[in-house]
Number of protein chains: 2
Amino acid sequence: MRTTGEIIRERREKKGLLLRHVSAQLDIDTAILSKIERGERKATREQITKLADILELDKETLLIHYLSEKILYEIQDEDLGIQALKVAEKTIKYGVTKHK
Amino acid sequence: MRTTGEIIRERREKKGLLLRHVSAQLDIDTAILSKIERGERKATREQITKLADILELDKETLLIHYLSEKILYEIQDEDLGIQALKVAEKTIKYGVTKHK
DNA sequence: GTTACATTTGACAAATATTGTCAAAAAGAA
DNA sequence: TTCTTTTTGACAATATTTGTCAAATGTAAC
């Protein structure tokens, strides 16, 4: 699975844009965008949607990548992570279709 | 699905323990434990394992509840939450059995 | 209804984590 | 080299989390 950062960098380079160009539009330093692309920092949700606009990437796809990384970050190193994910999934499905 | 807080409160009351007793063992104010039990605050991971010990609850089960709530907290209000969960699950399964 | 405790509430403080800047170092391409 | 881009790491600003405390509320016995 390609990481969110990889998707962003790939696309930025394909469009011939420099960190300088894109980070200016995001209103942050190039250092942060560099780190986001290499997975050293997490982007904010707002940055992700802006990046989708700037780089003409499908917003939903990018958001799904981003959110799933956020989820995985929460359960990193947890032996019970997979089971927690399954419980979360059941809970959300139950809540969405029924009740609450 | 019963919440983590509900499980804790139920068990504490069944054992005839007061907030005062349990919060002292956790080294926090009763106010926080009260909030945790009612879902107004999240516990820390350490508090969860201590609570399992104090209340003689199955540690794994309680942790799974706790982690799944943490996950759901991250994607609350997100339309793409379910899809993100599925991607996360696939990623973790892939990583656990193969690669990396 | 008053006393004695248990729990809850909310304002605030402390601690921790996140998000950012900046300047210097490293990497690339003439 | 020189010019430009990217990366690195120390640090600052900000936001979030975690906690205390005191007062308010709830509960039960008397």
Side-chain angles (χ1 to χ4, degrees), chain A residues 3-55 62-63 65-78 84, chain B residues 3-55 62-63 65-78 84:
Chain A
T3 68
T4 309
E6 282 167 358
I7 293 169
I8 291 166
R9 170 150 295 187
E10 213 167 81
R11 183 74 176 164
R12 174 176 65 78
E13 289 178 343
K14 187 161 282 170
K15 296 203 110 194
L17 297 169
L18 298 177
L19 285 176
R20 172 159 64 76
H21 299 134
V22 177
S23 64
Q25 291 200 68
L26 292 175
D27 196 29
I28 55 173
D29 197 89
T30 57
I32 297 200
L33 183 54
S34 168
K35 285 168 186 173
I36 288 171
E37 288 185 347
R38 287 170 300 110
E40 195 184 308
R41 287 271 181 112
K42 286 179 294 180
T44 65
R45 207 205 116 106
E46 196 187 8
Q47 285 163 350
I48 291 295
T49 61
K50 279 188 185 166
L51 281 165
D53 284 339
I54 296 166
L55 301 175
L62 200 62
L63 267 173
H65 270 267
Y66 167 70
L67 291 172
S68 83
E69 274 171 16
K70 253 180 77 168
I71 290 166
L72 290 170
Y73 178 80
E74 288 299 314
I75 58 175
Q76 71 187 163
D77 311 325
E78 288 287 352
Chain B
T3 67
T4 309
E6 283 166 355
I7 293 169
I8 291 166
R9 169 149 298 187
E10 211 168 83
R11 183 73 176 164
R12 174 176 64 79
E13 290 178 342
K14 187 161 284 170
K15 296 204 110 196
L17 296 170
L18 298 177
L19 286 177
R20 175 159 63 78
H21 299 135
V22 177
S23 64
Q25 292 201 67
L26 291 175
D27 196 29
I28 56 173
D29 197 271
T30 57
I32 296 198
L33 183 54
S34 167
K35 285 168 185 171
I36 288 171
E37 288 186 346
R38 287 170 301 111
E40 196 185 307
R41 286 270 181 111
K42 286 178 293 179
T44 66
R45 207 204 116 105
E46 197 188 7
Q47 285 162 352
I48 291 296
T49 60
K50 280 188 186 167
L51 282 165
D53 283 340
I54 296 166
L55 301 175
L62 199 63
L63 267 173
H65 270 267
Y66 167 72
L67 291 172
S68 84
E69 275 170 17
K70 252 180 80 168
I71 290 166
L72 289 170
Y73 179 82
E74 288 299 315
I75 58 174
Q76 71 187 163
D77 312 324
E78 288 286 352

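Letters go in sequence order (proteins before strands), and every chain restarts at 1.
Here C:dT21 presents its P atom at 11 Å from CG of A:L26, a figure rounded to the nearest Å. D:dT8 atom P lies 15 Å from atom CD1 of A:I36, rounded to whole Å. Here D:dA23 presents its C1' atom at 13 Å from CG of B:D29, a figure rounded to the nearest Å. When the P atom of C:dG20 is taken as reference, atom CD1 of A:I32 falls 5 Å away, rounded to whole Å. Nucleotide D:dT17 holds its C1' atom 13 Å from the CD atom of A:E74, rounded to whole Å. With rounding to whole Å, B:E46 atom CD is found 9 Å from D:dG19 atom P. A straight line from NZ of A:K42 to C1' of C:dT19 spans 11 Å, rounded to a whole angstrom. If you measure from atom CG of B:L33 to atom C1' of C:dA6, you get 12 Å, rounded to the nearest angstrom.
Side-chain N/O atoms of B:Y73 include none lying less than 4.0 angstrom from OP1 or OP2 on D:dT16. Listed pair B:S34 / C:dT8 meets the phosphate criterion, a side-chain N or O lying under 4.0 Å from OP1 or OP2. Between B:Q47 and D:dT17 there is no side-chain polar atom (N or O) within less than 4.0 angstrom of OP1 or OP2. The phosphate of D:dT8 has OP1 or OP2 within less than 4.0 Å of a side-chain N or O from A:R38.
With respect to A:L17, the side-chain contact (heavy atoms from CB on, under 4.5 Å) criterion is satisfied by exactly one of A:E13, A:K14, A:K15: A:K15.
A:Q47 contributes atom CD, which lies 9.0 Å from atom CD1 of A:I8 (distance to the nearest 0.5 angstrom). Rounding to the nearest 0.5 Å gives a distance of 10.0 Å between CD of B:E69 and CG of B:L67.
Place B:A43 and B:A31 on DNA chain D by their nearest nucleotides, and B:A43 ends up nearer the 5' end.
Salt bridge B:R12/B:E37: present, at least one basic N to carboxylate O contact under 4.0 Å.
The stretch residues 6-19 of chain B does not touch DNA chain D, since none of its heavy atoms comes less than 4.0 Å from the strand.
Closest approach to the B:K35 side chain among C:dG20, C:dG10, D:dT6 is made by C:dG10 (side chain taken as heavy atoms from C-beta onward). Nearest nucleotide to the side chain of A:E40, out of C:dT9, D:dT18, D:dT8: D:dT8.
A:R45 and A:T49 share no side-chain donor-acceptor pair at under 3.5 Å.
At a threshold of 4.5 Å between non-hydrogen side-chain atoms, the residues B:K70 and A:I75 do not count as touching.
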Would you check, one step at a time, whether the test side chain to side chain contact (heavy atoms under 4.5 Å, CB included) holds for A:L55 with A:I7?
CA-CA 10 Å; A:L55 301 175; A:I7 293 169; over 6 Å; no
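Backbone-only engagement by B:R20 is indicated by non-hydrogen atom pairs under 4.0 Å involving sugar-phosphate atoms exclusively.
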